Amino acid sequence: MSAVMITRKVRKWERLPGKNTFCCDGRVMMARQKGVFYLTMFLIMGTCSLFFAFECPYLAVHLSPAIPVFAVLLFLFVMAMLLRTSFSDPGVLPRALPEEAAFIEMEIEAANGNVPAGQRPPPRIRNVQINNQIVKLKYCYTCKIFRPPRASHCSICDNCVDRFDHHCPWVGNCVGKRNYRYFYLFTLSLSLLTIYIFAFDIVHVVMRSVDKGFLNTLQETPGTVLEVLVCFFTLWSVVGLTGFHTYLISLNQTTNEDIKGSWSGKNRVQNPYSHKNIIKNCCEVLCGPAYPSVLDRRGLMPEDSSSALTSFAPSSTSIPAPQTTKTTAPLIPNEHTPDDAKPNIAASAEKTSSHKAKSPPPKEEQPPLPTVPPLASPETDAETSISKDKMY
Amino acid sequence: MLSSMKEGCHDPKTKQTQLLKPGRRTKASGVFHNLQEMQHCASLVTKVFIQRDYSEGTVCRFQTKFPSELNIRIERTLLEETVKTLNSYYMEAEKIGGQSYMEGCLACATAYIVFLCMETRYEKVLKKISGYIQEQNEKIYAPRGLLLTDPVERGMRVLEVSIFEDQGSAGSSPSSTLSSDSSAR
C-alpha cells in the first residue's frame, strides 16, 4: 500500500523553535499554558455580564443611560487590550542560523585564546558602553546569540525576548517590547473597569435598599454579591499592579531589571536608558513607535523545506499537548536553569551536526570547515556555575 | 580574481555547461552583472556579519567598522556609506516625535484596531529599507560577488554579507581566495 503524497505549503511558524503555540495559521502567538488566560477571560466576561444583566437596567432608568454605555465601551477596550497583549509577538528574537552561530563561536574562540586543559573558559560576556554605563551582554546558549541590552530569555516560552518585562500567565504570553504598552493599558483599563463596577454596585445596592430594603435587594439581584466579591479582590491586585508599572514606566525600567536590581544604585550604577525625565520616559514607552515583528510567522518556508508530506502528516493546526501548569507566582523570572539548557544544547548539537552532514560543500576541493569548538554549556561557563553554586 | 565565463556557468559536478538564457549578457570582465546571474552561477564562500552598535542604547544601529574579510572585495567607503544610510533609515523609523505621538494616540483611541488596517510608520520605513538594500545589491554588491541580507530577516541583529565565488573557476580560485582571506586577516 503506497502512501498518498500531498504537497502543501509550509509556513515559517510551523518550524519555529521555542515553546509557543500558534493559531489562525500563524496570526496568533501565545505561550503553551493557557489555563490562567481562560480564567482571566471568564472572570472579566462573567463579571461584566452580571453587571449588564442586574445593575444596568436599574441604573439606566434611575440614574443615567450613559452608565451602561460607558461600561460597554470600557469593557470592549479591556478585551481589546487583553487580546492584543495575549495574541501578539512580544518581541521574540529569532535564534541564530548555523552560520551566524559559527561566526560568533569563532569570535569568542579568538577572543579567549588558548584555555589550558582542565580549566573552564571565561564567561561569555560582551561589554558595551551605553550613556557612560558599562552594560554586560550575556550569551544565550539556547539561541546562540549575544542578547541585546534589555533582552532576556524566557524559560517558559524558550525564546529570547527583546526588552523582556516578565512572563504573565494571566495573559498567557510574555510581556516584552512589542506588547508592553498593551499590557499596561490592559491593567489600567481593567483597574478603571473594576472600580467602576464596584462603585456602581454599591450605588445600586444603596439606591435599591432605600426603596425595598437591603435583604430584598440582594434577593432580587443576586449577581451583585458575586460582582462585589470579584471586584474587591481584583481591585487590590490589579490596581497595585498598575501602580507598580506606572512607577516602572516613569523610570524606564522593566520588571526584570527591577527584580534583579540592575539599576538599584549600588556601585553607582544608574539606568542608562532613562531620560531622567518622567514625561519623556512615559512618552517613550507608551507613545513610541510600534515595532514590527521580526519573526516572519506567515512567510512560506523556502522550496527545499516544503517537501511533499504523506497523508499521515499532522495537520497544520495541531497544537502540542499542554503541559501541566505549575506556575504559582504571578510573575515568572526569566533565566533558564542549566538543567533546562542541557536538552536544548543536546538538541541543537544534533541539529547542527545533521545539517552539516546533509549539505556538504559542492566544490571538488573542500575548504576546511571552520572547526566549531564543542558547544559550550553553562556547566563549562565559569560565571553561570558560580551563580548556580550560590543558588544551592 | 574570478575567471571569465564565455558561454555559461560550468557546473563541476555534472560537467555540463548551463547556457545562459538568450538576452542575458555574458560575463566578459569576470564580474556578475545581476543578482540572478550570481545566484545561479556562483557558490557561497563565507558570510560576514556586521554587528549591532549599542553605544547609543537600544536603537537600531549597525557598526561601521569594516570587516577585514571584505578588504579585497569592496572599497571601505562604499560599505560605510551603505551602513550609514541604513542607520539613518532606522533612526527615522524609531524617532520619538510629533508623528509618533499622533500615531500612538490615534491608535490608542481606537483600541489599536486601526493597526489592523493601517501600516505603521516603522513598517513603511522597513519597506523603504528593503528597496534600498535591493538597489544596493543590484548596483554595487552583486558586481563584486557580494550579497547583503536585509537585517529584518535576521532579527535585526546583524547585517549579513554573503561572499560568493564564481563556480566556473572552482579548481583554482577557492584556494587562492582562502589564502588571500587568511592573509587579509
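We name chains A, B, ... by the order of the sequence lines, and we start the count at 1 in each one. Computed from a prediction, not measured in an experiment: that's the story for all the values here.
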(request) Check whether D296(A) gets within reach of chain B through its side chain, its backbone, both or neither, counting any heavy atom under 4.5 Å. (result) neither
(request) Could you tell me which of C283(A), S189(A), A80(A) has the largest number of non-hydrogen atom pairs under 4.5 Å with chain B? (result) C283(A)
(message) Check this for me: I279(A), atom CD1, are more than 12 non-hydrogen atoms of other residues, nucleotides or ligands nearer than 6.0 Å?
(response) no
(message) Quick check on A107(B) against chain A: is it the side chain, the backbone, both or neither that has a heavy atom closer than 4.5 Å?
(response) neither
(message) Report which part of I145(A) has an atom under 4.5 Å of a heavy atom belonging to chain B: side chain, backbone, both, or neither.
(response) side chain
(message) Contact between C287(A) and I96(B) at the side-chain level, heavy atoms closer than 4.5 Å - yes or no?
(response) no
(request) Please check if atom NZ in K276(A) has more than 12 non-hydrogen atoms from other residues, nucleotides or ligands closer than 6.0 Å. (result) yes
(request) State whether the number of non-hydrogen atoms from other residues, nucleotides or ligands found under 6.0 Å of K127(B) atom NZ is greater than 12. (result) no
(message) What part of R181(A) gets within 4.5 angstrom of chain B, counting heavy atoms only: side chain, backbone, both, or neither?
(response) side chain
(request) Determine the minimum heavy-atom distance between L126(B) and P292(A), stating which atoms define it. (result) CD1-CG, 3.3 Å
(request) Name the region of A96(A), side chain, backbone, both or neither, that has any atom closer than 4.5 Å to a heavy atom of chain B. (result) both
(message) Between R157(B) and P94(A) (side chain of the first, backbone of the second, donor and acceptor by atom type, cut-off under 3.5 Å), is there such a pair?
(response) yes
(message) Ignoring hydrogens, what is the shortest heavy-atom contact between A290(A) and Y122(B)? Give both atom names and the distance.
(response) O-CB, 3.6 Å
(request) Counting only heavy atoms closer than 4.5 Å, note whether T120(B) contacts chain A via side chain, backbone, both or neither. (result) side chain
(request) State plainly whether the residues K47(B) and E100(A) are in salt-bridge range, i.e. N to O under 4.0 Å. (result) no
(message) Is Q51(B) in contact with chain A via its backbone, its side chain, both, or neither, using a 4.5 Å heavy-atom distance?
(response) side chain
(request) State, yes or no, whether a side-chain contact exists between L137(A) and Y54(B) at a heavy-atom distance under 4.5 Å. (result) yes
(message) Can you tell me how far apart OG (S55(B)) and CG (N132(A)) are? Round to the nearest 0.5 Å.
(response) 11.0 Å
(message) For the CE atom on M91(B), are there more than 12 heavy atoms of other groups (residues, nucleotides or ligands in this structure) within a distance under 6.0 Å?
(response) no
(request) Name the region of F146(A), side chain, backbone, both or neither, that has any atom closer than 4.5 Å to a heavy atom of chain B. (result) neither
(request) For L76(A), look at atom CG and say whether over 12 heavy atoms of other residues, nucleotides or ligands are found less than 6.0 Å away. (result) yes
(request) Identify the two heavy atoms, one from I130(A) and one from G57(B), that lie closest to each other, and give their separation to 0.1 Å. (result) CG2-CA, 3.6 Å
(request) Could you tell me which of E153(B), R154(B), E103(B), R121(B) has the largest number of non-hydrogen atom pairs under 4.5 Å with chain A? (result) R154(B)
(request) Taking the side chain as every heavy atom from C-beta outward, state whether C108(B) and F77(A) have any atom pair closer than 4.5 Å. (result) yes
(message) Looking at Y101(B), I'd like to know if its OH atom is crowded, meaning that more than 12 non-hydrogen atoms belonging to other residues, nucleotides or ligands lie closer than 6.0 Å.
(response) yes
(message) Minimum heavy-atom separation for T58(B) and P149(A), please, with both atom names.
(response) CG2-O, 3.8 Å
(message) Could you report the tightest heavy-atom contact between Y112(B) and M81(A), atom names first, then the distance?
(response) CD1-CE, 3.3 Å
(request) Kindly check if the number of other-residue, nucleotide or ligand heavy atoms within 6.0 Å of CD (E80(B)) is above 12? (result) yes
(message) Need one label for V158(B): side chain, backbone, both or neither, based on atoms under 4.5 Å from any heavy atom in chain A.
(response) side chain
